[in-house]
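Residue numbering restarts at 1 for every chain, and letters A, B, ... go by the order of the sequence lines.
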Number of protein chains: 2
Amino acid sequence: MKRLTTQRQAILDLINASNRHWDAEEVNRELADRGHSVGIATVYRGLTALEEAGLVASIQLADRKRYERADKQHHDHMICTECGAIEEFSHHKIEALQEAAALEKGFEMSGHQLVLFGRCARCVGESTERGKL
Amino acid sequence: MKRLTTQRQAILDLINASNRHWDAEEVNRELADRGHSVGIATVYRGLTALEEAGLVASIQLADRKRYERADKQHHDHMICTECGAIEEFSHHKIEALQEAAALEKGFEMSGHQLVLFGRCARCVGESTERGKL
DNA sequence: AAATTAAATGAGAATGGTTATCATTCCGAT
DNA sequence: ATCGGAATGATAACCATTCTCATTTAATTT
């Protein structure tokens, strides 16, 4: 029960070979482009299976779920509302304080999701440039 | 432009009169039950309009968006993965550290979303009870 | 107050990400 | 080689949300 099939291996290889945050559609397109076309349903099931196995990680954004490599240290995300870029950051103190807040409410924490929204350095820079011209 | 119509007032009253986190469907049903039935599209548009006007606040969860009163101090949420209960908490230090993390990346932060997942005190208690019997 | 104009409503169609269905194929274990 | 439980793929179904568009409502102007 729970097999690492050819298709799942292809999905896993794809994700492991990059630092991107992939959604199902992108994985599907990329595999197709590489000639290993896989049914979209299989992609969804594969991503779920891989995540359950701890082989990939995910962030659930408002509109879609995105998957990334699991072999990184824990981190949270900053998303640029202008260009969509996703940056990662981690702050051990924030983690600790979350635990503290949970404890205070008698809450048995199993996970969390922290996303910062704003404009990335590049977009801020570009709009500043434009302002100067 | 942007009117506080009868329908929107009804939605606003509903939300203001409770501490719940409502989704569009629930608002729709509750209004119908009270005899002020409103089209579901109007509920969605109304909630959006009220939020833009700063009259209600929202949290975007994976599956659906939920709305709550806006007249509370800023807070984040803990969601019980067992019973679905939503609790609120706030921690000024976490906020400060988020800003710091953003700054460090040259990120111009405009907002954030922090959600803790786990089991609420009640659900933890109940499963402990069952264990004892 | 009547006319004008912009915004809001409601019903239903459409969208888009994701999951379910089901017949078929694959793979591991007997 | 066979049996049985997974996985696959195509497609239908789901479900929250948005869009369309004809109609109604309300604010503004004459």
Could you give the CH2-to-C1' distance, from B:Trp22 to D:dA16, as a whole number of Å?
18 Å
Report yes if a side-chain nitrogen or oxygen of B:Arg8 is closer than 4.0 Å to either non-bridging phosphate oxygen (OP1 or OP2) of C:dA8; otherwise report no.
yes
What's the spacing between A:Leu97 CG and B:Phe89 CZ if we round to 0.5 Å?
10.0 Å
Is it the case that B:His91 and B:Asp76 place a side-chain donor and acceptor less than 3.5 Å from each other?
no
Find the distance B:Leu4:CG to C:dA7:C1' and express it as a whole number of Å.
13 Å
Counting only non-hydrogen atoms, which of residues 24-44 of chain A are less than 4.0 Å from DNA chain D?
A:Val38, A:Gly39, A:Ala41, A:Thr42
Lys/Arg N to Asp/Glu carboxylate O, A:Lys65 vs A:Glu51, below 4.0 Å:
yes
Would you be so kind as to tabulate the donor-acceptor pairs closer than 3.5 Å made by side chains of residues 33-41 of chain B, with sequence neighbours excluded?
unit_1, atom_1, unit_2, atom_2, d
B:Arg34, NE, B:Glu30, OE2, 2.9
B:Arg34, NH2, B:Glu30, OE2, 3.3

Report the distance from atom CZ of A:Arg64 to atom P of C:dG16, rounded to the nearest whole Å.
10 Å
Which is true for A:Asp63 with a 4.0 Å heavy-atom rule: it touches a base, it touches only sugar-phosphate, or it touches nothing?
sugar-phosphate
Measure CG/A:Leu61 against P/C:dG16 and give the value in whole Å, please.
18 Å
Taking all heavy atoms of A:Cys80 and all of A:Arg119, pick out the closest pair and write down the distance.
SG-CA, 3.9 Å
Validation row: A:Arg8, A:Leu12 side chains within 4.5 angstrom (heavy atoms)
no
What is the distance, to the nearest angstrom, from the NZ atom on A:Lys65 to the C1' atom on D:dA16?
17 Å
Would you mind building the protein contact string for nucleotides 22-30 of chain C? One character per nucleotide, 5' to 3', B for base within reach (heavy atoms under 4.0 Å), S for sugar-phosphate only, - for untouched.
----BB---
Rounded to whole Å, please give me the gap between CG in B:Leu47 and C1' in C:dT9.
15 Å
Any B:Gln7 side-chain N or O less than 4.0 Å from OP1/OP2 of D:dT25
no
Atom pair distance, as rounded to whole Å: CD in B:Gln9 and C1' in C:dA8
15 Å
Is A:Lys72 salt-bridged to A:Glu88, cutoff N-O under 4.0 Å?
yes
Sidechain N-carboxylate O distance under 4.0 Å for A:Lys2, A:Glu52:
yes
Before accepting this row, confirm whether a basic side-chain N of the pair A:Arg122/A:Glu82 lies closer than 4.0 Å to the acidic partner's carboxylate O.
no
